[in-house]
Participant: 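One structure, pasted below without further comment.
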Amino acid sequence: MENRTKIYMVCGISGSGKSCFAKKLALKGIPRLSIDEELWPDYYVLADILSDEHKEALYGEAIKRIRARVANFCAEKRPCSVDMPFCKRAQREEFRRYIESCGGEPVLLWIKTDLPVLKRRLAERAGKNGPDNLPVSEEEIETYWRGFERPTEENAVIINGEADFDIEKILKTI
């Protein structure tokens, strides 16, 4: 069977280390597609004045752009990472099917991080600005924590989000 292009789905809760991990992959030549960067210019900067309907439309357009780039990477037989929470199993399964329909091999990487660490990291973001420093209140993080469907039975590679990422070692195992 022909080797398919690996598309790394980097999943986890806000503050887990998804972006940090995906950026380290990028240093190894695996480009990063980030939902937060896609949404930053319009969605987050203007969040206070946008209707929920407009936010939903912007999110949908951002997902379409990411999907189109994934399709291009698959067509070019080049791996990439998708830095997104992928907080629901149904969302992960749908994205996996999409990757496979493009000829790629989805690889789910769960950046697993405990709640106290998430809270500390998100508190450290206070007053910072930019797509990798989106403010998340303690109440929001607890809601995300409760609502996150952990990919325990989905053939996910579990990565400790509380340790330094040894990208070389991780890439050898996947």
Side-chain angles (χ1 to χ4, degrees), residues 5-45 47 55 58-74 76 78-100 102 104-114 117-118 121-122 124-125 128-136 140-141 144-145 147-151 154-171 173-174:
T5 302
K6 289 185 178 179
I7 306 297
Y8 300 97
M9 297 168 55
V10 185
C11 128
I13 298 173
S14 295
S16 62
K18 292 182 309 296
S19 296
C20 179
F21 183 84
K23 286 177 180 181
K24 287 190 177 204
L25 284 176
L27 292 174
K28 296 295 179 186
I30 300 170
R32 170 181 170 248
L33 305 177
S34 165
I35 190 66
D36 289 338
E37 287 186 10
E38 285 294 321
L39 290 171
W40 178 253
D42 298 316
Y43 187 102
Y44 292 120
V45 173
K55 288 178 185 178
L58 289 171
Y59 185 84
E61 290 300 315
I63 293 294
K64 285 179 187 175
R65 289 190 301 273
I66 286 175
R67 288 170 63 112
R69 290 184 186 126
V70 164
N72 287 340
F73 279 109
C74 288
E76 295 170 2
R78 292 179 53 214
C80 71
S81 71
V82 180
D83 174 359
M84 243 169 78
F86 291 110
C87 55
K88 300 293 182 193
R89 183 176 185 151
Q91 180 190 32
R92 293 187 294 267
E93 289 175 356
E94 189 280 327
F95 209 85
R96 277 186 173 125
R97 285 191 301 274
Y98 178 74
I99 291 167
E100 290 169 345
C102 293
E105 177 185 346
V107 179
L108 181 61
L109 306 174
W110 174 26
I111 311 299
K112 183 179 178 186
T113 309
D114 288 334
V117 175
L118 296 172
R121 287 180 181 167
L122 293 168
E124 290 170 358
R125 290 183 181 179
K128 295 182 181 175
N129 199 3
D132 293 332
N133 290 305
L134 299 174
V136 179
E140 287 173 314
I141 195 60
Y144 296 156
W145 179 262
F148 184 76
E149 295 176 4
R150 285 141 184 86
E154 297 178 54
N155 198 27
V157 176
I158 301 172
I159 298 169
N160 181 355
E162 299 170 34
D164 288 333
F165 300 122
D166 185 341
I167 295 296
E168 292 292 333
K169 183 178 177 183
I170 293 167
L171 286 174
T173 65
I174 49 179

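These figures come from a predicted structure and were not determined experimentally.
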Participant: At what distance, to the nearest 0.5 angstrom, does OG1 of Thr173 lie from CD1 of Ile159?
Facilitator: 7.5 Å

Participant: Work out which heavy atom in Pro151 is nearest to a heavy atom in Cys11; give both atom names and the distance.
Facilitator: CG-SG, 4.2 Å

Participant: Using a 3.5 Å distance criterion without hydrogens, assess whether the side chain of Arg32 forms a donor-acceptor pair with backbone atoms of Ala22.
Facilitator: no

Participant: Could you tell me whether the side chain of Ile99 reaches within less than 4.5 Å of the side chain of Phe95, counting heavy atoms only?
Facilitator: yes

Participant: Looking only at non-hydrogen atoms, find the nearest pair between Arg150 and Trp110 and report the distance.
Facilitator: CG-CZ2, 3.4 Å

Participant: How many angstroms lie between CG in Leu33 and CD in Glu38, if you round to the nearest 0.5 Å?
Facilitator: 7.5 Å

Participant: Nearest 0.5 angstrom please: Leu25 CG to Cys20 SG, how far?
Facilitator: 10.0 Å

Participant: Do you know the tightest heavy-atom contact between Pro31 and Arg78?
Facilitator: CG-NH2, 3.6 Å

Participant: Please name the pair of heavy atoms, one in Asp83 and one in Ser19, separated by the smallest distance, quoted to 0.1 Å.
Facilitator: OD2-OG, 2.7 Å

Participant: Hey, could you give me the CG/OG distance between Leu118 and Ser14, rounded to the nearest 0.5 Å?
Facilitator: 8.5 Å

Participant: I want to check something: taking the side chain as every heavy atom from C-beta on, are Thr113 and Ile13 in contact at a cut-off of under 4.5 Å?
Facilitator: no

Participant: Donor-acceptor check, side chain of Ser34 to backbone of Asp36, threshold 3.5 angstrom: yes or no?
Facilitator: yes

Participant: Do the side chains of Lys28 and Glu168 get nearer than 4.5 Å, heavy atoms only?
Facilitator: yes

Participant: If I take atom CE from residue Met9 and atom CD from residue Gln91, how far apart are they, to the nearest 0.5 angstrom?
Facilitator: 7.5 Å

Participant: Check whether any side-chain heavy atom of Phe86 sits under 4.5 Å from a side-chain heavy atom of Val10, and report yes or no.
Facilitator: no

Participant: Checking the side chain of Glu154 only, and the main-chain atoms of Arg89 only, is there a donor and an acceptor separated by less than 3.5 Å?
Facilitator: no

Participant: Given 3.5 Å as the limit, does a donor-acceptor pair link the side chain of Arg96 with the main chain of Pro106, or not?
Facilitator: no

Participant: Check whether any side-chain heavy atom of Cys80 lies under 4.5 Å from a side-chain heavy atom of Arg69, and answer yes or no.
Facilitator: no

Participant: Do other residues, nucleotides or ligands put more than 12 heavy atoms under 6.0 Å from Lys88 NZ?
Facilitator: yes

Participant: Please give me the minimum heavy-atom distance between Thr5 and Pro79, naming the atom from each residue.
Facilitator: CG2-N, 3.4 Å

Participant: Looking at Tyr98 and Ala71, what are the two nearest heavy atoms and their distance?
Facilitator: OH-CB, 3.5 Å

Participant: Measuring only between side-chain heavy atoms, which start at C-beta, is Leu109 closer than 4.5 Å to Ile174?
Facilitator: yes

Participant: Roughly how far, to the nearest 0.5 Å, is CD1 of Ile30 from CG of Leu171?
Facilitator: 5.0 Å

Participant: Strictly below 4.0 Å, N to O, side chains only: are Glu37 and Arg65 in salt-bridge contact?
Facilitator: no

Participant: Indicate yes or no: at least one non-hydrogen side-chain atom of Pro85 is less than 4.5 angstrom from one of Ile35.
Facilitator: yes

Participant: By ring-ring contact (aromatic ring centres under 6.0 Å, His included), which residues pair with Tyr8, not counting sequence neighbours?
Facilitator: none

Participant: Hey, is the main chain of Gly12 close enough, under 3.5 Å, to the side chain of Lys18 for a donor-acceptor pair?
Facilitator: yes

Participant: For Tyr144, which residues count as a ring-ring contact (aromatic ring centres under 6.0 Å, His included) partner, sequence neighbours excluded?
Facilitator: none

Participant: Does Glu124 pair with Arg121 as a salt bridge, N-O distance under 4.0 Å?
Facilitator: no

Participant: Below 4.5 Å, heavy atoms only, C-beta onward: do Glu140 and Leu122 meet side chain to side chain?
Facilitator: no

Participant: Run Glu100 and Arg97 through salt bridge (Lys or Arg N to Asp or Glu O under 4.0 Å) and show every step you take.
Facilitator: CA-CA 5 Å; Glu100 290 169 345; Arg97 285 191 301 274; over 6 Å; no

